[in-house]
Amino acid sequence: MRISGGKAKGIILSVPKARKLRPVLEPARERLFSCLGELVEGASFLDLFAGTGSHGLEALSRGAARGAFVELDSRTVTCLRRNLAATCKSAGTEEKNFEILTGDALRATPRQPGPFDLVFADPPYSLLPAIAPKLFLRLLRDGLADLDSLVILGMPGNFDTVPEGWRLERRLGKPRKGSPTHGLFRPVAK
């Protein structure tokens with residue numbers, strides 16, 4: 001698995017062995033970031049359920065200015081730290097602009113101020129029905145997202161959700177059972 005575009009294109013990401021991760025493959029990330037285009041340049045991001053950090057690191061490589069990663073598993077965080085260092089070095093960016101938190105994505109609060117321009121969330125598919133409503137509620141309640149934020153939710157093709165107070169702007173990927181897709185959500189003005 002490697003970075004698909006930007007200054008750090010081609011950097012190989014370290015993936016922990018014997019972990020139940022579902023890394024977002026390069027073609028899916030490339031499709032997503034082609035869709036995001038100029039929204040990434042200079043943006044701030046929050047990468048929840050970060051795993052290897054592929055979403056946030058792709059954003060960093062493509063010009064995001066600052067960001068935070070949240071991952072629960074400490075051994076996966078060790079890989080994420082290596083991936084962040086390698087991507088920052090290749091992109092010519094300072095690591096101090098990015099933070100990594102070891103903790104629960106529904107509770108951990110980054111030191112960096114929100115709201116974030118882009119929020120990536122790729123929870124385990126088996127937990128998605130229970131997590132999605134809590135996640136979207138938390139993003140607004142805790143000031144991690146606002147009306148200008150775009151939330152990108154990784155979900156299987158057969159999963160449909162539009163949480164209360166949000167609208168689905170676009171869905172990338174094929175809606176087949178188990179096939180990974182990205183839903184792009186924005187808050188609705190009240």
T181 side chain to G173 main-chain N or O, any donor-acceptor pair under 3.5 Å? no
### Task
Mark yes or no for whether S149, through its side chain, and L118, through its backbone, hold a donor-acceptor pair below 3.5 Å.
no
Those residues at least two apart in sequence (or on a different chain) that pass salt bridge (charged side-chain N to carboxylate O under 4.0 Å, His left out) with R81 are none
With a cut-off of 3.5 Å and sequence neighbours excluded, list every side-chain donor-acceptor pair involving residues 31-42.
unit_1, atom_1, unit_2, atom_2, d
S34, OG, E30, O, 3.0

Here the gap from E99 atom CD to L84 atom CG, rounded to the nearest 0.5 Å, amounts to 11.0 Å
query = Between D117 (side chain) and A43 (backbone), is there a donor-acceptor pair under 3.5 Å?
reply = no
Residue set satisfying salt bridge (charged side-chain N to carboxylate O under 4.0 Å, His left out) with R66, at least two apart, ordered chain then number -> none
- Query: Would a 4.5 Å heavy-atom cut-off, applied to side chains only, mark F136 and L153 as touching?
  - Reply: yes
Taking CD1 in I12 as the centre, count heavy atoms belonging to other residues, nucleotides or ligands within less than 6.0 Å. Is the count above 12?
no
Test L150 against R170 for side chain to side chain contact (heavy atoms under 4.5 Å, CB included), laying out the working first.
CA-CA 11 Å; L150 183 65; R170 188 165 182 192; over 6 Å; no
- Do E58 and S4 have side-chain N/O donor and acceptor atoms under 3.5 Å apart? yes
**Report entry** pair L48-F120: side-chain heavy atoms closer than 4.5 Å
**Finding:** no
request  = Please test H55 against D47 for side chain to side chain contact (heavy atoms under 4.5 Å, CB included), starting from the C-alpha separation and ending with a verdict.
outcome  = CA-CA 7 Å; H55 281 114; D47 190 349; 3.7 Å; yes
Sorted by chain and residue number, the salt bridge (charged side-chain N to carboxylate O under 4.0 Å, His left out) partners of E169 (sequence neighbours excluded) come out as R167, R186
Transitive ILVMFWY side-chain link L137 to L127, under 4.5 Å: no
Minimal heavy-atom distance between P110 and A68, with the atoms involved, is CB-CB, 3.8 Å
Test side-chain contact (heavy atoms from CB on, under 4.5 Å), reference F69, set T52, L57, N83, L46, output is L57
Under a 4.0 Å threshold between the charged nitrogen and the carboxylate oxygen, would R171 count as salt-bridged to D160?
yes
- Student check: side-chain heavy atoms of T87 and L13 closer than 4.5 Å: yes
Subject >> Note, S54 side chain near R29 side chain (heavy atom, < 4.5 Å) >> reply: yes
Residues at least two apart in sequence or cross-chain that pass ring-ring contact (aromatic ring centres under 6.0 Å, His included) with F49, listed by chain then number, are none
task: Decide if the gap between the ring center of F185 and the ring center of W166 is smaller than 6.0 angstrom.
output: no
Worksheet item: Should the heavy atoms of other residues, nucleotides or ligands under 6.0 Å from CZ of R141 be counted, would the total exceed 12?
Response: yes
For F98 and A64, the nearest pair of non-hydrogen atoms, with its separation, is CZ-O, 3.8 Å
Tell me whether M1 is reachable from I3 by hopping between hydrophobic residues (I, L, V, M, F, W, Y) whose side-chain heavy atoms are closer than 4.5 Å. yes
Smallest heavy-atom separation, P133 atom then L128 atom, equals CD-O, 4.4 Å
* For the residue pair P187 and L140, establish whether any side-chain heavy-atom pair is separated by less than 4.5 Å. => yes
Sorted by chain and residue number, the salt bridge (charged side-chain N to carboxylate O under 4.0 Å, His left out) partners of E94 (sequence neighbours excluded) come out as K96
Heavy atoms of P115 and D146 approach each other most closely as CG-OD2, 3.1 Å
Is L101 reachable from L72 through a run of I, L, V, M, F, W or Y residues, each pair having side-chain heavy atoms under 4.5 Å apart? no
_Test item: D142 side-chain N/O and L144 main-chain N/O as donor-acceptor pair under 3.5 Å_ = no
Check the hydrophobic clustering (I, L, V, M, F, W, Y; side-chain heavy atoms under 4.5 Å; chains of links allowed) and say if L147 and V162 are grouped together. no
Backbone of T76 reached by a side-chain donor or acceptor of E71 within 3.5 Å: no
Shortest non-hydrogen pair, A108 vs V70, comes out as CB-CG1, 3.8 Å
Correct closest heavy-atom pair for A65 and N97 would be O-CB, 3.5 Å
Query raised in the report: In terms of hydrophobic clusters joined by side-chain contacts under 4.5 Å, are V119 and F159 together?
Result: yes
Taking the side chain as C-beta and beyond, is there a heavy-atom pair between P16 and T78 under 4.5 Å? no
